[in-house]
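Data block below; observations after.
Counting from 1, the numbers follow the sequence of the chain as shown.
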Amino acid sequence: MAAIESFDNIYLDLSKDGGKCRFAETGLGWKPAGGGEAFTLDQSNIGGAQWSRAAKGYEVKILQRTSGVIQLDGFQQEDYERLNKLFKNWYSTNLENKEHSLRGWNWGKAEFGKAELTFNVQNRPAFEIPYSEISNTNLAGRNEIAVEFAVNDVAKANGQNGASEKNRRKATAGKDQMVEMRFYIPGTTTRKEAEGGDAGSDADEEEKNAVALFYDTLMEKADIGETAGDTIATFLDVLHLTPRGRFDIDMYDSSFRLRGKTYDYKIQYDHIKKFIVLPKPDDMHFMLCIGLDPPLRQGQTRYPFLVMQFKGDEEVTLDLNITEEELEGKYKDKLVGHYEQPLHQVVTYIFKGLANKKVTAPAKDFTTHRQQFGIKCSIKASEGFLYCLEKAFMFVPKPTTYISYEQTQSITFSRVGGAVSALSTFDITVVMKNGAGSSQFSNINREDLKALEDFFKLKGIRVKNEIDEDANLAAALRDQVMESSDEEVVGPKADRGSADEDEESVDEDFQADSESDVAEEFDSEHESDGSGSAESDVDNGVQDEDGDGDEAGAGAGAEEKQPPKKKKKTG
């Protein structure tokens with residue numbers, strides 16, 4: 001057998017482009033055909049190998065002794081014998097032939113291996129999920145658990161904090177990517193059953209809710225929420241406005257963790273892009289806004305900002321879990337060992353020291369008519385507060401909106417058309433550059449108009465005040481109406497019609513005993529002129545079926561004067 005075995009058109013870990021794979025006694029290597037960084041694996045780190053059908057032919061899956069899985073896809077069926085010999089002779093392991101279940105069933109049994117989660121259908125694997133690809137997991141329901149996979153940016157960030165180059169290639173394999181999978185797990189089970197052991201091997205082991213045990217095992221296996229080193233500081237039951245809920249905050253050396261009743265997140269400090277402290281207009285609370293890139297994801301909802309709320313008068317005494325050597329070396333001039341201050345200040349100082357981010361506050365050049373920094377307003381139906389920072393607008397808490405002044409093309413002040421509060425409030429429309437859309441902030445107090453206009457002009461932003469233009473136009477129209485009404489007035493007093501007549505004035509044309517009185521309806525002397533009750537019956541649509549009104553009253557009252565004929569209804 002040659003000292004080196006080579007295979008062409010092999011794809012490493014879902015890579016877009018193929019490359020050349022070489023096996024030797026010391027290990028194996030892979031290099032992309034178009035050039036780039038090569039990947040190598042030492043012989044001592046090969047713990048096992050599996051041969052199975054895959055997307056581009058046949059795949060060799062290598063289980064590392066430390067942790068993780070290496071996938072080499074693109075082999076031909078006739079390569080199995082060569083590969084089986086070299087794995088047995090050089091790496092002292094058999095190339096296990098593994099057949100997958102092709103039934104397409106969505107129910108089966110999940111087993112936790114050393115490096116991956118396997119979903120088996122009739123004792124055959126339907127699919128495997130490497131732990132390295134799992135970024136988070138949450139209890140999504142009573143018997144349901146959600147497993148989230150690392151997206152492109154998350155995988156890159158994890159690579160910067162110790163993950164292998166393999167994970168970064170997987171995450172950037174293609175445009176379309178599965179980001180979440182959910183499992184329905186009813187009933188109860190034991191830990192050994194969850195990890196693929198025999199159910200009767202330990203009868204004394206306590207049974208637990210199956211979905212809760214699955215969740216705990218996956219958290220442990222995938223190292224979700226666990227970071228290197230001990231917790232530096234912990235803050236319990238912190239109110240979050242976005243996403244809504246209460247979370248415990250565990251702060252580590254390179255990341256922090258949010259622990260809630262349902263959701264659990266691990267966020268790298270490298271993902272923090274902005275850190276903003278905003279005093280609430282009630283003069284009682286402070287909001288801490290943390291901008292994240294990539295955003296925090298909860299199901300299909302993305303949260304680019306975390307918004308926490310603290311009471312301004314709530315103080316805390318805290319000693320950091322850091323040695324004196326680390327304080328004097330790594331965290332010198334960033335952190336101190338003991339804090340005894342308001343809670344929001346302590347959280348701010350520790351985030352600033354660990355994440356090494358600048359803390360942003362509202363601009364000092366703007367305050368409302370109540371001498372506050374936040375303006376009460378709304379975006380559509382969501383009420384909140386608008387803050388003017390030194391370089392951007394900030395609307396909190398939901399939907400949290402950040403608009404930099406550099407991206408702003410113009411700002412328009414307008415009155416609410418047809419609203420009852422049109423005289424006391426106004427709207428702001430912020431138009432973005434390069435056709436990026438616009439944002440509208442509604443129901444702002446009219447007394448803050450002048451301060452906002454002066455501040456925007458100070459920042460060099462183009463401002464259009466439609467409220468003053470409407471007021472000037474209305475004043476001009478009012479003056480024009482007054483001038484035209486003055487020309488129509490004759491004499492010292494304007495004519496107000498019948499309103500100027502005396503209520504007690506006598507109607508000279510009225511004669512109480514005039515002979516022109518209209519006869520009563522039943523007066524025997526009354527002579528009808530063709531109008532009256534008969535006509536009203538016709539008007540109401542009442543007439544004989546044959547339309548002949550002469551015969552209707554012929555039999556009665558012959559000696560009396562015959563009543564007038566009814567008029568026939570004409571078409």
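The residues E390 and K459 are annotated as salt-bridged, a charged nitrogen and a carboxylate oxygen being separated by less than 4.0 angstrom. No salt bridge links K85 with E5; every basic N to acidic carboxylate O contact stays at or beyond 4.0 Å.
Y339 is listed as a side-chain neighbour of I350, based on a closest heavy-atom distance under 4.5 Å. Counting heavy atoms from C-beta on, the side chains of K352 and F275 never come closer than 4.5 Å. Taking the side chain as every heavy atom from C-beta outward, I185 and Y215 never approach each other to under 4.5 Å. Side-chain contact between L335 and L354 is present, with heavy atoms from C-beta onward closer than 4.5 Å. Counting heavy atoms from C-beta on, the side chains of L117 and F214 come closer than 4.5 Å. Looking only at side-chain heavy atoms (C-beta outward), F39 and I70 come within less than 4.5 Å of each other. Put simply, the side chain of Q43 does not reach to within 4.5 Å of the side chain of T26, judged on heavy atoms. Looking at heavy atoms from C-beta onward, S382 lies out of side-chain contact with K398 at the 4.5 angstrom threshold.
Between the side chain of R297 and the main chain of V179, a donor-acceptor pair closer than 3.5 Å is present. With hydrogens and angles disregarded, no donor-acceptor distance shorter than 3.5 Å links the side chain of R22 to the backbone of G29. Under a 3.5 Å cut-off, the side chain of N434 and the backbone N or O of A436 do not form any donor-acceptor pair. Checking side-chain atoms of T408 against main-chain N and O of S404 turns up a donor-acceptor pair under 3.5 Å. Within the 3.5 Å criterion, the main-chain N or O of E220 finds no donor-acceptor partner in the side chain of Y131. K357 contributes a side-chain N or O that, together with a main-chain N or O of I272, makes up a donor-acceptor pair within less than 3.5 Å. At distances below 3.5 Å, not a single donor-acceptor pair connects side-chain atoms of N209 with backbone N or O atoms of T188. A donor-acceptor contact shorter than 3.5 Å links the side chain of N45 to the backbone of R65. Between the side chain of T242 and the backbone N or O of V307 there is no donor-acceptor pair closer than 3.5 Å. The main-chain N or O of T137 is never found under 3.5 Å from a side-chain atom of D264 such that the two would form a donor-acceptor pair.
Screening W51, Y58, F87 for a ring-ring contact (aromatic ring centres under 6.0 Å, His included) involving Y80 leaves a single residue, W51.
A donor-acceptor pair shorter than 3.5 Å cannot be found between the side chains of T118 and N120.
Heavy-atom neighbours of K280 NZ from other residues, nucleotides or ligands within 6.0 Å: above the threshold of 12. Summarising the local packing, CG of N123 is surrounded by 12 or fewer heavy atoms from other residues, nucleotides or ligands at distances under 6.0 Å. The number of heavy atoms from other shown groups lying within 6.0 Å of NZ (K88) does not exceed 12. Within 6.0 Å of the CD atom in E406, the count of heavy atoms belonging to other residues, nucleotides or ligands does not exceed 12. No more than 12 heavy-atom neighbours from other residues, nucleotides or ligands sit within 6.0 angstrom of NZ on K391.
Ring geometry, F393 versus Y405: the interplanar angle exceeds 60°, so the pair is classed perpendicular (tilted spans 30 to 60°).
Taking the ring centroids of H344 and F286, they lie under the 6.0 Å cut-off. Aromatic pair F256/F351: centroids less than 6.0 angstrom apart.
Scanning all heavy atoms of the two residues, the minimum distance from E340 to H338 falls at OE1-NE2, 3.6 Å. Contact between P362 and L389 at its shortest, heavy atoms only, is CA-CD2, 3.8 Å. Pairing each heavy atom of G187 with each of N143, the nearest pair is N-ND2, 4.3 Å. Counting all heavy atoms, side chain and backbone alike, S254 lies closest to Q268 at O-OE1, 3.2 Å. Here the closest heavy-atom approach between residue F235 and residue A233 is recorded as CE1-CB, 4.2 Å. For F373 against P279, the heavy-atom pair with the smallest separation is CD1-CG, 3.8 Å.
Judged by the 6.0 Å and 45° rule, R257 forms no cation-pi pair with Y265. For the pair K56 and Y11, the cation sits on the ring face: its NZ or CZ lies under 6.0 Å from the ring centre, inside 45° of the axis.
Distance CD/E314 to NE2/H285: 9.0 Å, rounded to 0.5 Å.
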* Walk me through it: do K61 and S52 pass the test side chain to side chain contact (heavy atoms under 4.5 Å, CB included)? => CA-CA 8 Å; K61 180 186 293 184; S52 62; 5.9 Å; no
